[in-house]
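Remember, it's a predicted structure, so these values are computed and weren't measured experimentally. Every heavy atom of this structure was used, including side-chain atoms; hydrogens, water molecules and symmetry mates were not. Just follow the structure's listing: the first ligand is 1, and inside any ligand the first atom is 1.
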Amino acid sequence: MKIVSTVAEVRKYVKEAKKQDKTVGLVPTMGYLHEGHGSLITKARETTDFVVVSIFVNPMQFGPTEDLESYPRDLDKDAAFCESLGADLIFHPEPSEMYHEGFSSFVDMTVLTEELCGLSRPVHFRGVCTVVNKLFNIVTPDYAFFGQKDAQQLAVIKHMVDDLNMDIKIVGCPIVREEDGLAKSSRNTYLSADERKAALILSKSIKLGNETFAAGEKNAKVIIDKMTELINSEPLAKIDYVKIVDRLTMQQIETVDRPALLAIAVYIGKTRLIDNCYLD
Ligand code: AMP
């Protein structure tokens, strides 16, 4: 496995792989890797011949008051993890390699980014779409792998690829959870012991919402109210949003009569965590 930090080096290794008729898979990440990222790398390994993992804490997708500086980083540990899963190449650029002086081109999306995290984090998806576009242009993958953990992001990327006629297959991978149900996240490391316990309220409320729907409840408000009550019973939790949206448009719906997404964002202390499930 190689670790490179420049666009030119990535292009060189990908070119070599393609010359040997290898298919190329890309797993974009911000690093501090865990089993959730691992499931994407494993899927990429099974699906493609040359697996590239990008590790880049993308400044453009963080708002001015967000955790860009404190976001956890550990390249050595990440590299060992990627190698153990059979990745071929890690791309770990400095921000200056991705955004040279005078950088002024962006990829922006309407509709799908208006709700959920797009509403709470106004610059987020412009940063995500722009950096993923750049990574697609640099790595030129046949397949790219994204987690359902970030369900809105997955929908946005699929939509972008379709809108802009990119010849890349987007593969969505299920949420990987801790044994007690908490969705794995690099941000879980911010939690104190008490907050870690309190954070279980996210997966518990998602389970409650899913079970309420499975029992026949189609009224979104009824499902959301039940979940809100449960989350509010946890003193360390503060709701950012609890919403049910159409799976394709990411717009809120009142009746769950089509493929939908139940998504929540909750602050546990200062840490903002997300979770979701599909309602079919
Ligand atoms: P991040 O490093 O948080 O930007 O995540 C990189 C990729 O890993 C994204 O496609 C995430 O959706 C995915 N991912 C993060 N956590 C999980 C998880 N618990 N289960 C599945 N995929 C995940």
Indicate whether the side chain of Ser120 and that of Asp240 have a donor and an acceptor atom separated by less than 3.5 Å.
yes
Hydrophobic clusters join Ile, Leu, Val, Met, Phe, Trp and Tyr when side-chain heavy atoms are under 4.5 Å apart, directly or via other members; which others share one with Leu248?
none
For ligand 1, protein residues within the heavy-atom limit of under 4.0 Å are Pro28, Thr29, Met30, His34, Gly36, His37, Leu40, Tyr71, Phe146, Gly147, Lys149, Asp150, Gln153, Pro174, Ile175, Val176, Lys184
Can I get a per-line list of side-chain donor-acceptor pairs under 3.5 Å for residues 250-268, giving both atom names and the distance, sequence neighbours left out?
from	atom 1	to	atom 2	distance (Å)
Gln251	NE2	Val111	O	3.0
Gln251	NE2	Glu114	OE1	3.4
Gln252	NE2	Glu115	OE2	3.2

In chain order, what residues pass the salt bridge (charged side-chain N to carboxylate O under 4.0 Å, His left out) check against Lys221, with sequence neighbours excluded?
Asp225
Do you know which of Asp49, Thr47, Asp142 makes side chain to side chain donor-acceptor pair (under 3.5 Å) with Thr23?
Asp49
Could you check whether Lys2 makes a cation-pi contact with Phe91, meaning its NZ or CZ is under 6.0 Å from the centre of the six-membered ring and within 45° of the ring axis?
no
